[in-house]
Protein chains: 2
Amino acid sequence: MKKPVTIHDIAKLANASSATVSRVLSNSNYPVSAAMREKITRIAKEANYIPNMLGKQLKTNTSMTIGVIIPSISNPFYSSVILGVEEIAREHNYHVIVCNSLQNPDFELGYLQTMAEKQVKGIILSSIAQNTSLLKGLLQNGMHAIAIDQRIDEEEISQIEFNYAKGGYMATKHLIEHGHTRIGYATSELDRHSRTEIHQGYLKAMSEAGLKPVVEISGAGKVFSSSNEFDSGKQLADKMLERHKDLTAIFACNDVMAFGVIHTLTSRGLRVPDDLSVIGFDGIEYGQMIHPPLTTIKQPDYEMGILACKLLLDKLQDKDSSHLSVMLQPRLVERASVTTRQAGD
Amino acid sequence: MKKPVTIHDIAKLANASSATVSRVLSNSNYPVSAAMREKITRIAKEANYIPNMLGKQLKTNTSMTIGVIIPSISNPFYSSVILGVEEIAREHNYHVIVCNSLQNPDFELGYLQTMAEKQVKGIILSSIAQNTSLLKGLLQNGMHAIAIDQRIDEEEISQIEFNYAKGGYMATKHLIEHGHTRIGYATSELDRHSRTEIHQGYLKAMSEAGLKPVVEISGAGKVFSSSNEFDSGKQLADKMLERHKDLTAIFACNDVMAFGVIHTLTSRGLRVPDDLSVIGFDGIEYGQMIHPPLTTIKQPDYEMGILACKLLLDKLQDKDSSHLSVMLQPRLVERASVTTRQAGD
DNA sequence: AAAAACTCAGAAACCGATTACTAAAAGAGG
DNA sequence: CCTCTTTTAGTAATCGGTTTCTGAGTTTTT
């Protein structure tokens, strides 16, 4: 294993000083003769010179890196967000570091600390940690952060929220407008802001229509994998059908749980949507692939990533430290899992 | 925005030298009196000291970071791989940087370069770039790499391969053993090693059984998103049904395409598996969520991540530079999309 | 009581880059 | 021919840590 070639090695080979080499190789507009430029460029290429970013970043105090902290990369919603973030970052020559908190507050805090240590100046995070003291400290030391998806109750932070309450309301309203009156809501634990908001939206729509809400909450574990969510969708549907035999529609708090609900209904010989309508929430791509294709509320995930990254880069570059709060709106995606119920049924 | 507090600031506050502070804060076993230890630790905490990793890493020439380069994070197969990698990395206090090449060789090479510049010493990559000269150069300069999923034809690199050929053979054989004789194979372009291998496995099983292969290749674009794969599955199924009306089973080269195939069959009023059997490839979680649950060939994705990371860390720590090649075996996951065909039909 | 060994702390070099400052050489103007 | 710019290159300080080396003070050995 050879010693890595440094800027000084290149300088020696080119009979120049490291200062000149630095100016050439980092495209500074400092005056360097054309001959020197060519020579250094050529020699650096021949020697397979790879600049050491640690040295550069230490001196210039810029890492050109933004961090993203999300619950899980294997959730299609978040992977879409990341795609959006990366696209914008790439356009601006920024690098992106993605960390999965796996719903574990300690991991989240650990990643936050690590990023600060790595001199990351901007972070996009979907936080589940209750303890914001570390984050607050970082913000005071010049870090910038954008909260996405999950609200963080701090003044100093820009938020890109999604109107979960309205989404929950829209989904429920959609079912009501299709003649449904006995509508169950299947949700995972109401321990996160997003969950409680959707729930509120459901309750509001039901109460406005004078209907009695039927809510079933999954007591499942914290680890959230697709399989677990699918299973809890199946179980919640089972419970609902047993306790409320007269339901004509079920609203699930996310698409994968809706898949589970449909699975249970289908295995029980019930037809979707003819016997029961089902509506989901999230708008992941797989929703179009199941049978019947899932009607759902779409969150603008990719757009959220784009927007978050743009906002963050603005902050980093313009030193504009105003904190704003954007609210993205839900969109109904009508596919085939919801149908009109006749009045008498 | 305050100036960040450095190790020298802490030294001043504690009436000590930066050397001593460094020794305390980095848990060196260099002798430092208990009183000094306590004092420095306390002051550092009070001052919210955050060490600058750039300085540390520059001096020690270690980044404690491994890189992962994959085609796309939104492919569930790769996101499982990453989960495995991260788990092992976390146990060893390593950080993981994930990069999506998005099937673009230029992006892949760019990320490789960036990682080298950031002094990442170990990389796990699923490469699609033909040009291995950059990689070879990095390997000679002390970088370590593990190729997963896609073979790289270099001596100096350890490989964790998956036996695609056997998987293709097993899938086909499974259909044959269930009495099918007219079996179509739906695949995306045969431009990657994995694709050609599965294809070969299919051909081998067919020829051994004396059956005539029926292959339909998607000419779709390079951009591979789930939606695109789903659509091309739908289209391939359409073509197949028109050109070969007597098919009784279809084998798709990945699960999402199989979803597309099933969608087409279902919309045409054909029942799966009663009229046609379908088998997929990959074993993503969503396969259990569709109707009927998809029979498929499972790749050990998570295990691949675990293994790749363990192997890489061994290399990085033991300086053991032997290059080995591991071949992971496919596993048949029987669900409900394949059924036995009666002889006469 | 002197010598040897040990404990603990600090001074300063160093990692690989950037950059403020200095200086030599070349060209312009009188 | 001599001064005044202008152009181009180099010297050395610096970023925030780590670590080698040196040395002061204390304890143990003889």
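Chain letters run A, B, ... following the sequence lines, proteins first and then strands; every chain starts at 1.
- Side-chain contact check for B:H92 and B:K310: no donor-acceptor pair (N or O, by modelled atom type) lies under 3.5 Å.
- Side-chain contact between B:T20 and B:V32 is present, with heavy atoms from C-beta onward closer than 4.5 Å.
- Using modelled atom types, no side-chain atom of B:N75 and backbone atom of B:S72 make a donor-acceptor pair closer than 3.5 Å.
- Listed candidates were D:dG17, D:dG10, C:dA17. Nearest to the side chain of A:S17 is D:dG10.
- Rounded to whole Å, atom P of D:dG17 lies 11 Å from atom CG of A:N61.
- Note that A:R151 lies outside the cation-pi zone of A:F162, set by a 6.0 Å cut-off to the ring centre and a 45° limit from the axis.
- Residues B:L25 and B:Y49 are in side-chain contact: their nearest non-hydrogen atoms beyond the backbone lie under 4.5 Å apart.
- Looking at heavy-atom distances under 4.0 Å, B:S26 makes contact with sugar-phosphate atoms alone, never a base.
- As judged by a 4.0 angstrom heavy-atom cut-off over every strand, A:D9 is placed among residues making no nucleic acid contact.
- Not a single donor-acceptor contact under 3.5 angstrom links the side-chain atoms of B:R23 to the base of D:dG17.
- Nucleotide D:dG17 holds its P atom 13 Å from the NZ atom of B:K12, rounded to whole Å.
- Using modelled atom types, one finds a donor on one side chain and an acceptor on the other under 3.5 Å when comparing A:D149 with A:Y78.
- Atom-to-atom, CG of B:L54 to P of C:dC15 comes out at 18 Å; the value is rounded to the nearest Å.
- B:N52 places its CG atom 14 Å from the C1' atom of C:dG16, with the value rounded to the nearest Å.
- For the pair A:T20 and D:dG10, the criterion of a side-chain N or O lying under 4.0 Å from OP1 or OP2 is met.
- Toward the 5' end of DNA chain C, the nearer of the two residues A:G55 and B:A19, judged by each one's closest nucleotide, is B:A19.
- For the pair A:L58 CG and D:dG17 P, the computed distance is 9 Å after rounding to whole Å.
- Note on B:K56: every side-chain N or O is 4.0 Å or more away from OP1 and OP2 of D:dG16.
- Applying the 3.5 Å distance criterion, the base of C:dA20 shares no donor-acceptor pair with the side chain of A:Y30.
- Straight-line distance from the CG atom of A:N15 to the C1' atom of D:dA9: 13 Å, rounded to whole Å.
- Comparing C:dT18, D:dT11, C:dG16 against the side chain of A:S22 picks out C:dT18 as the nearest.
- Contact annotation: B:Y49 reaches the phosphate of D:dG17 (side-chain N/O to OP1 or OP2, under 4.0 Å).
- For A:K59 against D:dT14, a side-chain N or O and a base N or O form a donor-acceptor pair under 3.5 Å.
- Comparing atom distances between the B:T6 side chain and each of C:dT18, D:dG16, C:dA9 picks out D:dG16 as nearest.
- For B:S33, whose side chain is taken as the heavy atoms from C-beta onward, the closest listed nucleotide among D:dT19, D:dG16, C:dC8 is C:dC8.
- When the C1' atom of D:dT18 is taken as reference, atom CE of B:M53 falls 12 Å away, rounded to whole Å.
- The side chain of A:S18 contributes no N or O atom lying less than 4.0 Å from OP1 or OP2 of D:dG10.
- Between the P atom of C:dT18 and the CE atom of A:M64 lies a distance of 14 Å, rounded to the nearest Å.
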